[in-house]
Amino acid sequence: MKLASIGVTALFTLASADTILDNLARDVSRVESIREVKDVQRSFAHLAQFGRFHDATTLFTTNATFIWGNVTTTGRSAIENFLNTHTGDMNGRESGSLNTLVIENPVVSLSVDGQSAKARWNGLRFAGDGKGGSWIEGGIYENQYVRAETGWRIALLHYHALYEGTYEDGWRNVGGRGIPVIPYHFTPEGSGVPIPPPVGDASPTNASLSNLELRIKRLNDEDEVRNLMHAHGYYVDRRMWTDVVELHTNKTKVTITGQGTYNGLDGARQALERMGPEGLTTGVNNDHPIFDTLVQVNPDGQRAIARGIEIAMRGDANSKTASWEFNVFRNNFIKENGIWKVKVVETTPLIVADYYKGWGNSGTNTPTGYLPPFLNVGSFREAGLPSSNGTSNATYEDVQRRLRRSAAYDGTENQSHAYGHIIDDIDCARMGALFATRAHKASPFAGFFITPQRITDACLASYGTNRSTLPSSVFFHWRPQPVILASHDGRSATLRARLLQPSTSVAKAGSFNSAMYHDQVVLENGRWRLWSVTIDEFYWQSSSWAAGWANPRPRNASQPDPAPAGWIKKFPPDVTIAEVGEREAGFRGGAGKFVEWPEIQRMWFGYRNLVSGRVPSGDKVGFWEGCVPCRVRPEWALEANGWQQPGAGPGGNGTVRAR
Ligand SMILES: *[C@@H]1O[C@H](CO)[C@@H](O)[C@H](O)[C@H]1NC(C)=O
Ligand SMILES: *[C@@H]1O[C@H](CO)[C@@H](O)[C@H](O)[C@H]1NC(C)=O
Ligand SMILES: *[C@@H]1O[C@H](CO)[C@@H](O)[C@H](O)[C@H]1NC(C)=O
Ligand SMILES: *[C@@H]1O[C@H](CO)[C@@H](O)[C@H](O)[C@H]1NC(C)=O
Ligand SMILES: *[C@@H]1O[C@H](CO)[C@@H](O)[C@H](O)[C@H]1NC(C)=O
Ligand SMILES: *[C@@H]1O[C@H](CO)[C@@H](O)[C@H](O)[C@H]1NC(C)=O
Ligand SMILES: *[C@@H]1O[C@H](CO)[C@@H](O)[C@H](O)[C@H]1NC(C)=O
Ligand SMILES: *[C@@H]1O[C@H](CO)[C@@H](O)[C@H](O)[C@H]1NC(C)=O
Ligand SMILES: *[C@@H]1O[C@H](CO)[C@@H](O)[C@H](O)[C@H]1NC(C)=O
Ligand SMILES: *[C@@H]1O[C@H](CO)[C@@H](O)[C@H](O)[C@H]1NC(C)=O
């Protein structure tokens, strides 16, 4: 270790250089652990999609417990048997069968000693046997993980089955009962503790500072690649072809397995135009939500791969046609002049099915039998990196700052999903406790409320009451596909996340709606807290399971626009939706003309193009940096309260790039 070159800050003057290095090594390993826990669970989803149950069991400890609804099994071979039996012919192995299992919305808690972890997830399984049989099942996981010799493993997978049904009939609550609260492994107070403070001395490390610096760079790279992948998806949804193409490098390639390969930027645009021309027109839904993104960065830090699951939910309300597409993406990225760009898009459609016929008969796509190679996760991240002992001229302070930016990514994602899980249970008090002291939140169709107490009270006012013990219906708040931009100092972040809302009830088949969240999150007294939450809803809604999203009930044009939520008469917001002006104009309660699906609502972005830096533009597109009500309440801004405004362009702000 080259102490002479290290600028030791005042904070560390009491500790010896060795202790500082040991602590840094421990901190790096704890951030990596959070990622590895998510990776191992997402890998399970990737393998299950192709019926690779034997391989999937290697992600478990040898004596792992596996609980699926009312069935409990123990040990790898019993788990494999269960998976084979449970899926039957809907296993994703035989051509025409479907077993797309998405596991999303993680809240991960690492133990104090860093050797075990717990995580809560939402799950949905879309299954079919290609012979007319179909199945959908959804629920909540509360899982446990241990740090084994070679990598993190699942020690307990506990899936709580909440809803299920066939494609034709749709899903309803399991057992015809109300939906219970699935016990949480975390509290709102704890949910923002990025990583619990370790106890005792860090064990001695033989990693060099330059090795740790490299590992941190890989974490920072991973964040940028994940953001790029997710931002790419959001542009595709809106057919913003110019923005999509600008994320690509010049020598790019787009492959749609079994259908064609397109080269160069012109080729990329041509591939996109297969979905239609640039921009959305009335009645067009081009949503391609993406789930379970795994990112693998090459040890050289110049190339990366992202692999995950895409479920396209497309439709045209004009022709009343709609479809499902179950795709795997496996894209390559390249770093050019310090900026990550898309190099190869490889989309493999597994099943393409007419919404009104379902996927049970394997849809219309001709399967190619191609299996997009799985990524090599499941071992420790540090394993792939050279244990370089070169000198580093970085200061500890700067290295720690860069680590904090990646810890911020996970802390923000955690807080986002803690919100989603707790609001599903309509637990207003615990929801409010996720917010910072001076935070604000939008209540839909109403306005913004400031301070946790008023946020809780607005929740109670809008829902009428706390939830009953067993509500007969639930609208889930899935928040997948985050784009998280951390500030330079890693103490604040902005988050864009999709709201994908599967609903379920006792009596009526559930369905999907789609909206968008724009949040800010801060580190307050050592805990991540929500600072600003805005929901833009809805972009499209299903009028029922049978009718889907391409059959909206037409609005009577001579009826006046719907009024804001009635409860605000009793409990007025601090800022109404209308007072925010242009930014909320088209939403219910806003200052402009109400826009409702199948009309196209304006889509707002809080960041510029992550490669070109272009402000997103287009007919139904808007750009808004900073908190949504901040132009009418500048004193609510991050910067007015001692936090940095995170960058909103290429690379966010402040990543010191690999040279
Ligand atoms: C599984 O094995 C490990 C290591 O032998 C042990 O510590 C753990 O308690 C076992 N777990 C169960 C559920 O039996
Ligand atoms: C287990 O749950 C399934 C529904 O997920 C139900 O069909 C089955 O009857 C249950 N079995 C028992 C023994 O309760
Ligand atoms: C996420 O929240 C849990 C629940 O309290 C907490 O234990 C964990 O440390 C948090 N993790 C991150 C990465 O913020
Ligand atoms: C530390 O040294 C041990 C023993 O030589 C080795 O197994 C391990 O990989 C080393 N760790 C690092 C981070 O270099
Ligand atoms: C990409 O192509 C454009 C137009 O030919 C050129 O101006 C630009 O420098 C190229 N970019 C790179 C990174 O080579
Ligand atoms: C570490 O430094 C020594 C001496 O310069 C060199 O021989 C060795 O190859 C280096 N090891 C690595 C992994 O870079
Ligand atoms: C570290 O050293 C390299 C090469 O000498 C130099 O280019 C770079 O600017 C230095 N970085 C810092 C942070 O001082
Ligand atoms: C809602 O539940 C919380 C406990 O979670 C309780 O403190 C509060 O008094 C309840 N409020 C209402 C209006 O029932
Ligand atoms: C539309 O609304 C107007 C005004 O309320 C009403 O007179 C008319 O009957 C409605 N038309 C339909 C088709 O419901
Ligand atoms: C990033 O943010 C820091 C702190 O706000 C600021 O000092 C720096 O100039 C910014 N850098 C860039 C490239 O925007």
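Just so it is clear, the model here is predicted, and its values are computed rather than measured. Each residue takes its place number in the sequence, starting with 1. Counting starts at 1 for both ligands and their atoms, in listed order.
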Problem - Glu524 side chain to Thr437 backbone, donor-acceptor under 3.5 Å - result: yes

Exercise for the section: Answer yes or no: does atom CZ of Arg26 have more than 12 heavy-atom neighbours from other residues, nucleotides or ligands under 6.0 Å? Expected result: yes

Handout entry: Any N or O of Glu336 closer than 3.5 Å to N or O of ligand 5
Key = no

Exercise for the section: Could you tell me whether Arg405 and Asp489 make a salt bridge, using a distance below 4.0 angstrom between a side-chain N and a carboxylate O? Expected result: no

Problem - Test item: Ser492 side-chain N/O and Trp643 main-chain N/O as donor-acceptor pair under 3.5 Å - result: no

Problem - Glu32/Arg381 ion pair, N-O < 4.0 Å - result: no

Fill in the blank from the handout: Heavy-atom contacts under 4.0 Å to ligand 9, chain-then-number order, include exactly Asn556, Ser558, Gln559

Problem - Phe186 N/O under 3.5 Å from ligand 3 N/O - result: no

Exercise for the section: State whether the shortest distance between N or O atoms of Asn414 and N or O atoms of ligand 3 falls below 3.5 angstrom. Expected result: yes

Exercise for the section: Under 4.0 Å from a heavy atom of Ile34: give me the atoms of ligand 3 that qualify, with their elements. Expected result: 13 (C)

Problem - Check: His185 N/O within less than 3.5 Å of ligand 3 N/O - result: no

Practice task
Within a distance under 4.0 Å of any heavy atom of Ser109, pick out the atoms of ligand 3 and give their elements.
Solution key: 3 (C), 4 (C), 6 (C), 7 (O), 8 (C)

Problem - Within 45° cone and under 6.0 Å: Arg120 NZ/CZ vs Tyr141 ring - result: no

Exercise for the section: Describe, in one word, how the ring planes of Tyr184 and Phe186 are oriented to each other, choosing from parallel (under 30°), tilted (30 to 60°) and perpendicular (over 60°). Expected result: perpendicular

Completion exercise
Note: ligand 3 atoms sitting under 4.0 Å from heavy atoms of Val107 are 2 (O)

Exercise for the section: Could you tell me how the ring of Phe538 sits relative to the ring of Phe445: parallel (under 30°), tilted (30 to 60°) or perpendicular (over 60°)? Expected result: tilted

Handout entry: Per-atom contacts of ligand 3 with Gly411, taking only distances under 4.0 Å to non-hydrogen atoms
Key = 14 (O)

Return all side-chain donor-acceptor pairs below 3.5 angstrom for residues 592-599, not counting sequence neighbours, or 'none' if the list is empty.
from	atom 1	to	atom 2	distance (Å)
Lys593	NZ	Glu599	OE2	3.4
Trp597	NE1	Trp549	O	2.8
Glu599	OE1	Glu596	N	3.3

Exercise for the section: Inspect the contact between Glu142 and Lys118 and indicate whether a charged nitrogen and a carboxylate oxygen are less than 4.0 angstrom apart. Expected result: no

